[in-house]
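All heavy atoms count here, side chains included; hydrogens, waters and symmetry mates do not. Just so we're on the same page: letters track the sequence lines, and every chain starts at 1.
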Number of protein chains: 2
Amino acid sequence: MGTVHVVSIDPTSDRPVYQQVADVLRRRILDGVVVGGDRLPSETELMQEFQVSRTTARLTYSVLRSEGLIDAQRGRGNFVRDRRDAQRIASDRYRQAVERLRHDGDPQTAFTRDQGIDWSAYRLDKEFHVVPATADVATLLDLDAGTDVLARHFVFYAADQPQQMSVSYLPADLVKGTPVEDPANEPWPGGTMAQLATLGVEVTRIEESVRARMPTPDERRTLQIAQGVPVLTVTRRMLDHDRPVEAAVDIVMPADRFVLDYSLDLS
Amino acid sequence: MGTVHVVSIDPTSDRPVYQQVADVLRRRILDGVVVGGDRLPSETELMQEFQVSRTTARLTYSVLRSEGLIDAQRGRGNFVRDRRDAQRIASDRYRQAVERLRHDGDPQTAFTRDQGIDWSAYRLDKEFHVVPATADVATLLDLDAGTDVLARHFVFYAADQPQQMSVSYLPADLVKGTPVEDPANEPWPGGTMAQLATLGVEVTRIEESVRARMPTPDERRTLQIAQGVPVLTVTRRMLDHDRPVEAAVDIVMPADRFVLDYSLDLS
DNA sequence: CAGTGGTCTAGACCACGCT
DNA sequence: GCGTGGTCTAGACCACTGT
């Protein structure tokens with residue numbers, strides 16, 4: 001007794017067969033008929049059940065992968081991706097950092113909560129280079145293009161899994177000869193704002209620009225990003241009293257692991 | 001005389017051929033050898049130049065499409081996607097709205113700048129329905145699940161192109177019998193905050209949660225989103241004096257057309 | 001070992017854009 | 001009409017996962 005389909009495929013329809021099959025499976029996923037972790041029919045089963053070729057079966061799963069609904073595992077099958085709870089990053093983390101700086105709070109606590117995250121197991125890959133500022137970075141830092149900046153590359157880990165990568169730029173003349181330019185001093189208790197404080201810089205305003213895009217192959221590899229998952233990127237500037245700019249950061253986060261929370265006070 | 005490749009493909013390499021070809025083309029795009037709008041080799045040309053099958057050539061372009069680097073156009077070719085300038089949405093749009101409300105500024109101007117956007121040619125698709133609140137919406141509005149809410153579906157257009165879609169939820173008992181529940185009164189000068197003001201509600205705080213994901217097929221169709229382009233989603237709550245919640249919104253925007261700007265004052 | 005997904009080939013027909 | 005990408009087939013070999 002073969003499998004009976006309530007929803008059958010119409011080869012004469014305008015809608016491509018692989019899309020029709022994808023529609024059926026997508027509906028099962030969205031309706032909760034199958035849930036995170038469940039295995040979907042193998043490609044061979046799809047061929048038999050819907051009377052299609054292997055290529056069409058693979059095209060179907062390719063669609064669902066690019067929608068971020070499933071993960072393929074070689075030798076095992078195609079699995080419904082489970083929607084893990086995303087880590088929330090609150091915009092008031094900066095205000096909290098200011099409070100700790102002012103009240104001499106425990107800097108170590110401050111650090112392990114950097115980026116608003118409790119990093120369970122913490123690690124930091126770092127590369128520091130002095131380079132001429134690109135046009136973009138120069139604009140953000142209000143410098144002439146080509147001015148030397150210290151580029152600091154970070155990869156943040158939690159539970160031995162890479163979670164976030166970023167590049168931070170500081171004007172080279174601001175940090176030259178100070179402990180800030182030495183990677184050995186990372187991780188720095190209290191983070192960037194504490195570092196800037198030792199240089200006599202008070203951060204009074206922060207500007208963040210949030211974008212999203214598909215990751216580059218390099219980002220996919222470094223952050224272990226699944227197919228069909230975009231990245232959130234945050235471009236950040238720290239300002240001292242509305243004018244000079246002290247740091248520019250480009251933060252890249254897998255979008256299935258992070259939510260950015262912002263609170264806007266209007267009173 | 002056939003095409004000569006500086007970078008040749010190694011069929012014996014561990015890296016799949018279609019990835020190696022994609023690497024070559026990706027490099028050309030990222031290095032600016034080809035720029036936005038330029039046509040890439042046709043699939044047939046790729047077959048000849050790299051000595052691969054049509055399937056492999058198509059796989060190559062499928063990779064670049066999913067990375068958001070190119071667009072395929074039936075009957076024409078594969079084209080490098082041009083990075084148009086994204087529309088910036090500033091977080092101080094709410095504060096500006098408050099100012100206008102307080103000073104009786106021109107409400108029409110206020111409206112055409114809703115969402116912080118100057119909609120050049122403006123249109124609005126709308127559907128209003130009273131429905132029981134889902135668990136998520138109930139939590140956001142601090143209501144019991146199942147309580148009636150007014151769900152308002154919007155699609156915003158600029159220059160006849162769909163730019164943004166959103167669902168806004170208001171407690172049904174708050175708006176029952178008021179002009180707010182009548183879709184005919186949309187677009188409402190001054191937007192949601194002006195509407196709430198007529199109900200005696202003062203918005204003192206707004207919370208926004210930003211996420212990114214791949215669009216659903218419905219969103220791709222409605223917003224005319226290209227392959228390989230994620231959406232930014234904003235979940236918004238408006239609060240009156242830190243406690244009651246007055247509106248919850250789910251806004252969906254194509255990530256290649258929008259940047260979200262937030263300014264955080266620490267002084 | 002059998003079953004799974006990953007890669008790759010050769011070939012076919014179609015819909016669409018342009019000239 | 002010709003070249004383009006879109007869909008679909010049948011078949012092959014490989015790498016990986018499980019028993």
Side-chain angles (χ1 to χ4, degrees), chain A residues 3 8-25 34 37-66 69-81 217 220-221 226-228, chain B residues 3 8-25 34 37-67 69-81 217 220-221 224 226-228:
Chain A
T3 305
S8 57
I9 268 56
D10 174 11
T12 68
S13 162
D14 269 355
R15 189 157 181 78
V17 172
Y18 76 91
Q19 286 285 10
Q20 295 183 50
V21 179
D23 291 343
V24 172
L25 299 180
V34 290
D38 285 357
R39 215 201 78 170
L40 293 171
S42 72
E43 293 169 359
T44 312
E45 287 166 345
L46 229 49
M47 293 168 69
Q48 296 162 350
E49 294 180 22
F50 293 94
Q51 291 298 303
V52 296
S53 70
R54 171 112 191 270
T55 307
T56 299
R58 281 187 63 73
L59 244 187
T60 290
Y61 279 137
S62 161
V63 168
L64 298 178
R65 270 200 304 273
S66 75
L69 294 176
I70 67 172
D71 271 322
Q73 293 178 37
R74 169 131 83 182
R76 303 226 306 134
N78 285 284
F79 296 83
V80 179
R81 182 174 294 163
R220 286 202 54 190
R221 190 173 49 251
Q227 293 173 54
Chain B
T3 306
S8 58
I9 267 55
D10 174 13
T12 69
S13 161
D14 271 355
R15 190 156 181 79
V17 172
Y18 75 90
Q19 287 284 10
Q20 294 183 52
V21 179
D23 291 343
V24 172
L25 299 181
V34 289
D38 284 357
R39 215 200 79 169
L40 294 172
S42 73
E43 294 170 358
T44 311
E45 287 166 343
L46 229 48
M47 293 168 69
Q48 295 162 349
E49 294 181 22
F50 293 95
Q51 291 298 303
V52 296
S53 70
R54 171 111 191 269
T55 307
T56 299
R58 281 188 61 74
L59 244 187
T60 289
Y61 280 137
S62 162
V63 168
L64 298 178
R65 269 199 305 273
S66 74
E67 290 174 5
L69 295 176
I70 68 171
D71 271 323
Q73 293 178 37
R74 169 131 81 182
R76 303 225 305 134
N78 285 282
F79 296 83
V80 179
R81 182 173 295 164
R220 286 202 54 192
R221 191 174 48 251
Q224 296 174 18
Q227 292 174 53

S.K.: Side chain of B:Arg54 only, heavy atoms from C-beta on: which candidate in C:dA12, D:dT4, D:dC8 is closest?
M.R.: C:dA12

S.K.: Are the side chain of A:Gln20 and the backbone of A:Arg15 linked by a donor-acceptor contact shorter than 3.5 Å?
M.R.: yes

S.K.: C:dG6 P sits how many Å from B:Arg15 CZ, rounded?
M.R.: 15 Å

S.K.: How many whole angstroms separate atom CE of A:Met47 from atom C1' of C:dG3?
M.R.: 14 Å

S.K.: Determine yes or no for a side-chain-to-main-chain donor-acceptor pair under 3.5 angstrom, with B:Thr60 supplying the side chain and B:Tyr18 the backbone.
M.R.: yes

S.K.: Determine the contact category for A:Tyr61: base if any of its heavy atoms lies under 4.0 Å from a base atom, sugar-phosphate if only primed atoms, P, OP1 or OP2 are that close, otherwise nothing.
M.R.: nothing

S.K.: Give a yes/no on whether any side-chain N or O of B:Thr56 is located under 4.0 angstrom from OP1 or OP2 of C:dT7.
M.R.: no

S.K.: To the nearest Å, how far apart are A:Glu43 CD and D:dC14 P?
M.R.: 18 Å

S.K.: Between D:dT4, D:dG6, D:dC8, which nucleotide has the shortest distance from any of its atoms to the side chain of A:Pro16?
M.R.: D:dC8

S.K.: When you measure from the side-chain N and O atoms of A:Arg58 to the phosphate of C:dG6, is any distance below 4.0 Å, counting only OP1 and OP2?
M.R.: yes

S.K.: Any side-chain N or O of B:Thr44 below 4.0 angstrom from OP1/OP2 of D:dT4?
M.R.: yes

S.K.: Do the side-chain N or O atoms of B:Tyr18 get closer than 4.0 angstrom to the phosphate oxygens (OP1, OP2) of C:dT7?
M.R.: yes

S.K.: What's the CG-C1' distance between B:Leu59 and C:dG6, to the nearest Å?
M.R.: 9 Å

S.K.: Does OP1 or OP2 of C:dG5 have a side-chain N or O of A:Asn78 closer than 4.0 Å?
M.R.: yes

S.K.: Under a 3.5 Å distance rule, please check whether B:Gln19 uses its side chain to pair with a backbone N or O of B:Pro16 as donor and acceptor.
M.R.: no

S.K.: Answer whether the closest heavy-atom distance between the side chains of A:Val17 and A:Phe50 falls below 4.5 Å.
M.R.: no

S.K.: Looking only at atom types and distance, does a side-chain atom of A:Gln51 sit under 3.5 Å from a main-chain N or O of A:Gln48, one as donor and one as acceptor?
M.R.: yes

S.K.: Using a heavy-atom cut-off of 4.0 Å across all strands, would you classify A:Ser42 as base, sugar-phosphate, or nothing?
M.R.: sugar-phosphate

S.K.: If you compare every side-chain N and O of B:Arg76 against the phosphate oxygens of C:dC18 (OP1, OP2), does one of them come in below 4.0 Å?
M.R.: yes

S.K.: Output the rounded distance in Å from CG (A:Asp14) to P (C:dC13).
M.R.: 20 Å

S.K.: Whole angstrom is fine here: how far is it from CG in A:Asp10 over to P in D:dT7?
M.R.: 16 Å

S.K.: What is the separation between atom CZ on B:Arg74 and atom P on C:dC18, rounded to the nearest whole Å?
M.R.: 14 Å

S.K.: For B:Gln73 and C:dC16, what is the distance between atoms CD and C1' respectively, to the nearest whole Å?
M.R.: 11 Å

